[in-house]
Amino acid sequence: MIPLSVPHLKGNEIKYVTEALQNGWVSTAGGYVTKFEKDMMAYLNIEGAVACQSGTAALHLALRLSRVTEQDEVIVPTLTFIAAVNPVRYLGAQPIFMDCDETLNIDCDKVEAFLKDHCKVTQKGLVNKLTKRFIKAVVVVHVFGNMADVERLYDLTQKYGIKLIEDATEALGTHYTEGRYTGRYAGTIGDFGAYSFNGNKIITTGGGGMLVAREPRLLDEGKYLSAQAKDDQLYYIHNQIGYNYRMTNLQAALGVAQLEVLENFIVAKIKNYHFYEGQIKKSSGFKLLRYNPKARNNHWFYALYIQKETLTRDVVLEKLKEKQVETRPIWQLIHTQKMYVKNQAYCIEKAPQYVKHILNIPCSVNLTIEEIAYITGVLEQL
Ligand SMILES: *Cc1c(COP(=O)(O)O)cnc(C)c1O
């Protein structure tokens, strides 16, 4: 079987994890956690980062630091992994669902129209005219590592006095190559950014995440909340409800080793993407979705768009499975999931079409040219 995506652990992972074990620093204290945070800051060219247990935890902290409460609402995409949305509910707030555009990222035109036509700026904040609740933030996901239009979204959120949270869990390494934010990385432009090091992400710590912020001083509180909000280390005095969200030294040891080779991974992902693209003939009824041309994208996951009318997504999935190729449909839209059907969903038209026509195809770093040729050969036969 050619797997969809497997981690690549051929660098210093064993060496660093062994060292952490031998030193006895296996939990949340120990040098690798701070080293991993520092290495991430150096890579992203930013001033602060808080290592967490998961990307979901980082997103939860970002929303909490954006002062999202049970009176509030948060604008989110419907086409994404559910972990981008659930933390809104952890805080008792409600999501408002947005459509995607042809890049699969949140539709900025619709976000703008919604803010303009359906919300009111008041002394106390931005109010949703329908629900009368405050809107505190927009969560933008860089889907499959493809840079979303954060240039535009940041201006919009600033204009309406709300926060922009970048879910960059799939987009570590993606950065602008043009425009106002040239050189800036996905996750570092909005008010807060979250990364993930889950097993399927571009680099992994087994499980883990990282929180970053446009204003790094805001991260002190994030770090404090992630470590049970302890105000006195000796007498255990707590003045807020905190979380047990700190990354462990063992996870961070893996992270340090993985980050050393991230750029090699991206080179391999880009090369494989272009090889796929060259192999998939226009006449075959398939195409690969494009990435944002204004960015060096990390090409984490590849989206195969099925144009052939005689083929459904699930038939293609089954046929590829018979030929030992693992693929996966994109996520069930979140506004249609049981917990969210009663939430406001604004003009969702494109997302259902994309879900119907897209499969993710194998994209591991160690995927070979021969395997890609085999996969595209199978597609040609369908
Ligand atoms: C992976 C992912 C997350 C969550 O990250 P974890 O580290 O698995 O908690 C959140 N949002 C999106 C879009 C993701 O792909």
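First listed ligand is number 1; within each ligand, the first listed atom is number 1. This one's a predicted model, so the numbers in the text were calculated from it and none came from an experiment. All values below come from the heavy atoms of this structure, side chains included, with hydrogens, waters and symmetry mates left out.
- Residue-ligand proximity, N198 to ligand 1, at heavy-atom distances under 4.0 Å covers atoms 7 (O), 8 (O).
- Per-residue contacts place V141 under 4.0 angstrom from the following atoms of ligand 1 (heavy atoms of the residue considered): 13 (C).
- Between K269 and W300, the closest heavy-atom pair is NZ-O, 2.9 Å.
- Scanning the protein for heavy atoms near atom 9 (O) of ligand 1, the closest one is T56 OG1, 2.4 Å.
- Contact of the Y43 side chain with the L172 side chain is registered, since non-hydrogen atoms from C-beta on lie closer than 4.5 Å.
- In R152, the CZ atom is crowded: over 12 heavy atoms of neighbouring residues, nucleotides or ligands sit closer than 6.0 Å.
- Among all protein heavy atoms, the one lying closest to atom 2 (C) of ligand 1 is K201 NZ, 2.9 Å.
- Near T80, with a cut-off below 4.0 Å to any heavy atom, the atoms of ligand 1 are 13 (C).
- Within a 6.0 Å radius of CD in E47, other residues, nucleotides and ligands contribute 12 heavy atoms or fewer.
- Between N146 and N292, the side chains place no donor N or O within less than 3.5 Å of an acceptor N or O (distance only, hydrogens not considered).
- The single protein non-hydrogen atom nearest to atom 14 (C) of ligand 1 is T169 OG1, 3.1 Å, given as residue, atom name and distance.
- Checked against a 3.5 angstrom limit, the closest N/O atoms of N200 and ligand 1 fall outside it.
- Placement of L104 and F97 within a single hydrophobic cluster is found when ILVMFWY residues are connected by side-chain heavy-atom separations under 4.5 Å, directly or transitively.
- Short contacts between ligand 1 and S54, defined as distances under 4.0 Å to a heavy atom of the residue, involve ligand atoms 7 (O), 9 (O).
- Residue E170 has at least one nitrogen or oxygen atom sitting less than 3.5 Å from a nitrogen or oxygen atom of ligand 1, judged on distance alone.
- For atom 5 (O) of ligand 1, the nearest non-hydrogen atom of the protein is S196 OG, 3.3 Å.
- Of all atoms in ligand 1, numbered sequentially from 1 with element shown, those under 4.0 Å from a heavy atom of A83 are 3 (C), 4 (C), 10 (C).
- Put simply, part of G208 is less than 4.0 Å from ligand 1, judged by heavy atoms.
- The shortest N or O to N or O distance between G55 and ligand 1 is under 3.5 Å.
- Just one residue in the list V127, V68, L126, T157 forms a side-chain contact (heavy atoms from CB on, under 4.5 Å) with I135, and that residue is L126.
- The local environment of CD1 in I369 is crowded, with over 12 non-hydrogen atoms from other residues, nucleotides or ligands closer than 6.0 Å.
- The protein non-hydrogen atom at the shortest distance from atom 11 (N) of ligand 1 is D167 OD2, 2.7 Å.
- The aromatic rings of Y243 and H60 sit tilted relative to each other, their planes meeting at an angle between 30° and 60°.
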